[in-house]
Amino acid sequence: MRFATWNVNSLKARMPRVEAWLADIGPDVVCLQETKLADATFPALAFQALGYDSVHHGQGQWNGVAILSKAGIDDVVNGFADGGPPDVDSRIITATCGGVRFSSVYVPNGRAVGHDHYQYKLAWFGRLRGHLAATSQPGDQVVVCGDFNVAPEDRDVWDIAAFEGDTHVTPPEREALAEVEDWGLVDLFRRQWGDQDRLYTYWDYRAGDFHQGRGMRIDLVLGSAPVVDRLQWCVVDRNARKGTLPSDHAPLVVDLADGG
DNA sequence: ATGGTAGAGCATCTA
């Protein structure tokens, strides 16, 4: 199975790139974030024409997450299934595709340390762990992937000094991410690439950051132990960040061995 | 130079 995750930063603006990329990469399952669409305007028919079933949890204008699949989409959950109140934003959708329980997540940005949105971000991670505990077990085939808006280690940003006092690198954010991982998930990209640094998934549009190598590794694929056992390859598709009208995020592409 | 660009949607907000 080949699957991928991609923050497209508006599916409406990115649809030509996404369609060409699907044909080029040929993933079986795709988790998308920041569609910025309402469910009524999600292009399910266009994806169907490319062979993908799809589910979308959107609100329009901001946020919005989706899953595309050529391997079936069952037991779909919009938002958290942790017994708590509905999330104020559309930031997580969960479905079983090809025997793997996928969650496509768009973790809140946080905006600034101490901001209300920063507290929302930390609480959101707690709800994510509760959602996992309520809907699956660590011994299941589980993948949680998307834009986590946290760089797990200092090596995951282009210059840690440039982020002093900023979000995405603070200990509370990293601890909140670690508590999700402690449920029973492994960072598949880090597993693949060991201690290599300067490997990023996001580059700000401004100031030529992409071409200057000023990036951040904030998009992650987390897999349970049974998924780790099937891991063959995990890579950032930097080509998708080049050329005409790119997203500011590049996709992560993962190959799993058959079975599981 | 506390900068820069892109996408939402039409004045700013978000990232």
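Each chain gets a letter, A, B and so on, in the order the sequences are listed, and its residues count up from 1.
Atom CZ in A:F163 sits roughly 19 Å away from atom P in B:dT2 (whole-Å rounding). Rounded to whole angstrom, the span from the CZ atom of A:F148 across to the C1' atom of B:dA15 amounts to 18 Å. With rounding to whole Å, A:Y120 atom OH is found 10 Å from B:dA15 atom P. Remark: P of B:dG7 and CG of A:L37 are 14 Å apart, rounded to the nearest angstrom. At whole-Å resolution of the value, CG in A:D166 and C1' in B:dT14 are 14 Å apart. Look at CD1 on A:I218: it is 11 Å from P on B:dA15, rounded to the nearest Å. The interatomic distance linking A:R17 (CZ) with B:dG7 (P) rounds to 11 Å, in whole Å. Summarising the geometry, the separation between CG on A:L245 and C1' on B:dT5 is reported as 12 Å, rounded to the nearest angstrom.
Within the 4.5 Å cutoff, no side-chain heavy atoms of A:L45 are placed close to those of A:F47. Between A:W21 and A:N239, the closest side-chain pair of non-hydrogen atoms is not below 4.5 Å.
Comparing the same atom, P, in B:dT14 and in B:dG9 gives a spacing of 14 Å after rounding to whole Å. Of the C1' atoms belonging to B:dA1 and B:dA11, the separation is 25 Å, rounded to the nearest Å.
Each of A:K36 and A:N109 was matched to the nucleotide of DNA chain B holding its nearest heavy atom; the match closer to the 5' end belongs to A:K36. Checking A:Y205 against A:H249, the closest nucleotide of DNA chain B that is more toward the 5' end is the one next to A:Y205.
If you check every strand for non-hydrogen atoms under 4.0 Å, A:Y202 touches nothing. Nucleic acid contact class of A:R214 (heavy atoms, under 4.0 Å, all strands): none.
Nearest nucleotide to the side chain of A:A13, out of B:dA6, B:dA8, B:dA15: B:dA8. Each of B:dT14, B:dA6, B:dA15 was ranked by its minimum atom distance to the side chain of A:W62; first place goes to B:dT14. Checked against B:dA6, B:dA15, B:dA8, the side chain of A:R91 finds its nearest nucleotide in B:dA15.
Applying side chain to side chain donor-acceptor pair (under 3.5 Å) to A:R217 and the options A:D156, A:D197, A:T201 leaves one that passes, A:D156.
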Run the numbers on A:H115 and A:Y118 for ring pair (Phe, Tyr, Trp, His ring centres under 6.0 Å), then give the verdict. CA-CA 5 Å; A:H115 193 286; A:Y118 181 79; 9.3 Å; no
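Applying the 4.0 Å criterion to OP1 and OP2 of B:dA15, one finds that A:R206 has every side-chain N and O outside that range.
The aromatic ring centroids of A:W158 and A:W203 lie 6.0 Å or more from each other.
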